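Because the structure is a prediction, the values reported are computed rather than measured. Labels below follow one simple rule: chain letters A, B, ... track the order of the sequence lines, proteins then strands, and each chain is numbered from 1.
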Amino acid sequence: MMYCIINDGGDTGYCIVEQLVQLNHEVILIDRKDQLPDSLLKMKSNRFSFYSFDFYQTHLIESELKNILLPTEKLNGFVYAAGIGGVRPLALTTTTFVSEMMNANLYAFLEFARLLSKKTRLETGGSIVAISSVSSIKGLKSKIAYSASKAALDAAIRGMATELAERKIRVNSIRKGWVEADLKHDFIQDNIALSTQDDHARQLLGTIGTADLAKLVCFLLSDDSKFISGTNVLLDGAYTIS
Amino acid sequence: MGKFENKYILITGASKGIGFTLAENLDNLGAKLILHASTDAGMNKLTDSFANKGHLLFKADFSDPLSLEEAWQSQINQDIKLDGFVNCVGLRSRRPLTLLKPAHVMQILHANVASFIEMCRLICRKNGFNPGLSIITISSIAAHSGGPGVTAYAASKAATEAAVRCLAKELFKKEIRVNSLVCGQVNTSAYADLMETKSDATDTILERQYLGLGSTQNITNILLFLLGGESCFITGSAIPADGGYLS
Ligand SMILES: NC(=O)c1ccc[n+]([C@@H]2O[C@H](COP(=O)([O-])OP(=O)(O)OC[C@H]3O[C@@H](n4cnc5c(N)ncnc54)[C@H](OP(=O)(O)O)[C@@H]3O)[C@@H](O)[C@H]2O)c1
């Protein structure tokens, strides 16, 4: 099987690549960061290729994909693991800030989906996975734009799933809670400082491991999940119910 | 005395459909209105319908959220303190994924989400509102159930509902409530236009919306409740007004 992972320097994306290569799949990583982490540099596999460009400039995606994929190459699925975070109170939630968030978390994903879901690009029975967040359904103070972008992503998935079902293509998102990989990023550090301790305590099972998130992605890409479509799978350590 | 006597209420998208019926109702109930439309035709209709009623008019294009601050400050007396804001602007979109280019997605998200957030930002400033301000935005069942081709519209409505949850948690300290109303099919001119473009005249949504097609008055009744003090314990919610569709 051949999969494409779209990533913005996040450990989750790298971890998905590692697991897919271990499962003997062919993997194309498209990352906004042009440096690979040690774990992937060390990986000796001719089944892994790496490209970098700034896909948050959505007008570049169409032409870049033509360089990355051969005209005859067809994917079995792709994962959108890119996106940005950020907290701001309403008074500072300017249109520019909202647009940046929507651009990274929705527009870029939809543009990849538009191009990669074409009949010539995605096999029958393929699978599309996007990483969303519990913020999509739970309001947190000062996460107005972030929550809006993730809820938009989750709703877009439902629209796409109904449309692509006739080609047996499945589309899902994962609403993740606090994941280990995110804690390294500065923007999430800021989020944590701003949200209350209580919020973290509410994730009853503790911080989610990056590998555990990647495993769920691999499951949703595989045929083992062939009747799961149009859903927003919760991976939140019981945050939502507590 | 009307129930909303001397209350200042802003209705965006007031020239048609739900917004227009709400404006007529609030006018009868004694409210002082700020009525918004985006086109000359919309503004003319508002002027003709509410001549000599002393309401204020506000013209702005929600496709361009960056223009709203200037439009709001130049057209509306900044001493007015709002008691209610109902956002009825909503751009429709129906396109298969292959035609869903970023420019189109952005236009829908700008008009339906970014402009709503921007209007909230502008009116929730110090001295811009009275305690008890109630904000309501019209969402859609599309935010909750998928349909082919409605990807961008559904995304915009779900985004708005998510923003509402965050806004409620931030603004309650200022005694502001924020809710969304999740509408099913409502009999408006936009709905009639939509049905005209369909190849067959049956609306499959109505098969699941077992109370039948909603009227703008049905929706207005719920909006009046959410605007008034009787609903003072409801905030951060997405309330279905869907004739049973989501059940
Ligand atoms: N009708 C339904 O079945 C239904 C179902 C679910 C949800 N909704 C939602 O309910 C809300 C109201 O819908 P409706 O059918 O009653 O009315 P509508 O026909 O959609 O019109 C609403 C208003 O939007 C304004 N508008 C249009 N484009 C605009 C723009 N670019 N910038 C600013 N304003 C603009 C119009 O003013 P101008 O004429 O001056 O442009 C009009 O006053 C929308 O959010 C819609 O999505 C409706």
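When the candidates B/Leu167, B/Leu99, B/Leu122 are compared by the number of heavy-atom contacts under 4.5 Å with chain A, B/Leu167 comes out ahead. Of the residues considered (B/Val164, B/Leu68, B/Leu100), B/Leu100 shows the highest number of contacts with chain A, using heavy-atom pairs under 4.5 Å. Ranked by non-hydrogen atom pairs under 4.5 Å with chain A, the options B/Cys124, B/Ala159, B/Gly146 are led by B/Ala159. When each of B/Ala154, B/Ala142, B/Gly147, B/Ala114 is checked for heavy-atom pairs under 4.5 Å with chain A, B/Gly147 comes out on top. Annotation: maximal heavy-atom pairing with chain B below 4.5 Å, among A/Gly230, A/Gly139, A/Ala165, A/Ala145, occurs at A/Gly139. By number of non-hydrogen pairs under 4.5 angstrom with chain A, the leading residue of B/Leu109, B/Val113, B/Val150 is B/Leu109.
The contact between B/Ala163 and chain A is made by backbone and side chain atoms together, counting heavy-atom distances below 4.5 Å. With a threshold of 4.5 angstrom between heavy atoms, B/Cys120 approaches chain A through its backbone and through its side chain. Of the atoms belonging to A/Ile157, not a single heavy atom falls under 4.5 Å from chain B. Of the atoms belonging to B/Leu171, it is side-chain heavy atoms, and not backbone ones, that fall under 4.5 Å from chain A. Interface residue B/Val105: backbone and side-chain heavy atoms are both found under 4.5 Å from chain A. Residue contact with chain B, scored on non-hydrogen atoms closer than 4.5 Å, involves the backbone and the side chain of A/Met160 alike. With a 4.5 angstrom heavy-atom cutoff, A/Ala91 touches chain B only via backbone atoms. Heavy atoms closer than 4.5 Å to chain B are found nowhere in A/Ile61, neither backbone nor side chain.
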Show me the donor-acceptor pairs under 3.5 Å between chain B and chain A.
{"residue": "B/Leu97", "atom": "N", "partner": "A/Glu163", "partner atom": "OE1", "Å": "3.2"}
{"residue": "B/Leu97", "atom": "N", "partner": "A/Glu163", "partner atom": "OE2", "Å": "2.8"}
{"residue": "B/Thr98", "atom": "O", "partner": "A/Arg114", "partner atom": "NH1", "Å": "3.1"}
{"residue": "B/Ala143", "atom": "O", "partner": "A/Arg158", "partner atom": "NH2", "Å": "2.5"}
{"residue": "B/Arg165", "atom": "NE", "partner": "A/Ile137", "partner atom": "O", "Å": "3.2"}
{"residue": "B/Arg165", "atom": "NH2", "partner": "A/Ser136", "partner atom": "O", "Å": "2.6"}
{"residue": "B/Lys169", "atom": "NZ", "partner": "A/Gly139", "partner atom": "O", "Å": "2.7"}
{"residue": "B/Glu170", "atom": "OE1", "partner": "A/Leu90", "partner atom": "N", "Å": "3.2"}
{"residue": "B/Glu170", "atom": "OE2", "partner": "A/Leu90", "partner atom": "N", "Å": "2.7"}

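One distance of note links CG of A/Leu235 with CG of A/Leu213; it measures 6.0 Å at 0.5 Å rounding. Annotation: the span from A/Leu220 atom CG to A/Ile228 atom CD1 amounts to 6.0 Å, rounded to 0.5 Å. One distance of note links CD1 of B/Ile76 with CG of B/Leu10; it measures 7.5 Å at 0.5 Å rounding. The CD1 atom of B/Ile34 lies 10.0 Å from the CG atom of B/Leu57; values are rounded to the nearest 0.5 Å. With rounding to the nearest 0.5 angstrom, the OG atom of B/Ser134 is 11.5 Å from the CG atom of B/Leu82.
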